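Hydrogens, waters and symmetry mates are skipped; everything else that's a heavy atom, side chains included, is used. This is a predicted model, so every value here is computed, not measured.
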Amino acid sequence: MTKSTPRTKAAATDGSDLSYEQALDELERLVAAMEGQQLPLDQLLQSYTRGAELLTLCRGRLQAVEQQVKLLDGAELKAWEGS
């Protein structure tokens, strides 16, 4: 049986162990619940805070991928030539 350390708990709650797709899915569900006025005020604040964390995570992951693409393309992004 593994012990749960404060660091492990923090990683689980801050979303750092989530994939981009999982974080985006959770963010979309939070936004839908907030827009649908289905949450009491306290939960609304918690959801907003969690949404901000997820948004930061998603933006960070997108920026990391963009940096990798820049490295692969010789430090400049090229225009998309798809249809």
Side-chain angles (χ1 to χ4, degrees):
M1 188 158 110
T2 61
K3 287 186 177 180
S4 188
T5 65
R7 174 85 173 123
T8 306
K9 288 180 184 176
T13 58
D14 73 1
S16 61
D17 59 338
L18 296 176
S19 70
Y20 172 81
E21 291 78 10
Q22 290 170 324
L24 186 59
D25 183 56
E26 183 179 345
L27 181 59
E28 288 173 344
R29 283 186 275 117
L30 283 172
V31 169
M34 289 168 49
E35 287 178 344
Q37 300 175 349
Q38 301 169 358
L39 303 173
L41 186 59
D42 289 343
Q43 274 189 305
L44 186 62
L45 181 58
Q46 289 174 344
S47 295
Y48 181 86
T49 302
R50 178 66 176 157
E53 292 169 354
L54 292 166
L55 184 58
T56 299
L57 176 84
C58 289
R59 284 180 176 165
R61 298 242 168 113
L62 286 173
Q63 288 173 346
V65 169
E66 184 177 309
Q67 289 302 316
Q68 290 175 356
V69 169
K70 283 181 182 179
L71 286 174
L72 293 171
D73 282 345
E76 72 178 64
L77 288 176
K78 299 176 182 171
W80 177 257
E81 297 176 8
S83 54

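With respect to Val31, the side chain to side chain contact (heavy atoms under 4.5 Å, CB included) criterion is satisfied by exactly one of Met34, Glu35, Glu28: Glu35.
Leu27 and Tyr20 fall into different hydrophobic clusters, where Ile, Leu, Val, Met, Phe, Trp and Tyr are joined by side-chain heavy atoms under 4.5 Å apart, directly or via other members.
Taking CD of Gln43 as the start and CZ of Arg50 as the end, the distance is 14.5 Å to the nearest 0.5 Å. Atom CG of residue Leu30 and atom OG of residue Ser47 lie 5.0 Å apart, to the nearest 0.5 angstrom. With rounding to the nearest 0.5 Å, the separation of CZ in Arg59 from CD in Glu66 is 13.0 Å. Separating the CZ atom in Arg61 from the OG1 atom in Thr56 is a distance of 12.0 Å, to the nearest 0.5 Å.
Residues Glu53 and Thr49 meet the side-chain proximity criterion, which asks for heavy atoms closer than 4.5 Å. Within the 4.5 Å cutoff, the side chain of Asp25 has no heavy atoms near those of the Glu21 side chain.
When all heavy atoms of Gln22 and Asp17 are compared, the closest pair comes out as OE1-O, 4.4 Å. Of all heavy-atom pairs spanning Ala23 and Leu57, the tightest one is CB-CD2, 3.4 Å.
The existence of a salt bridge linking Glu26 and Arg29 is excluded, since no basic side-chain nitrogen approaches an acidic carboxylate oxygen closer than 4.0 Å.
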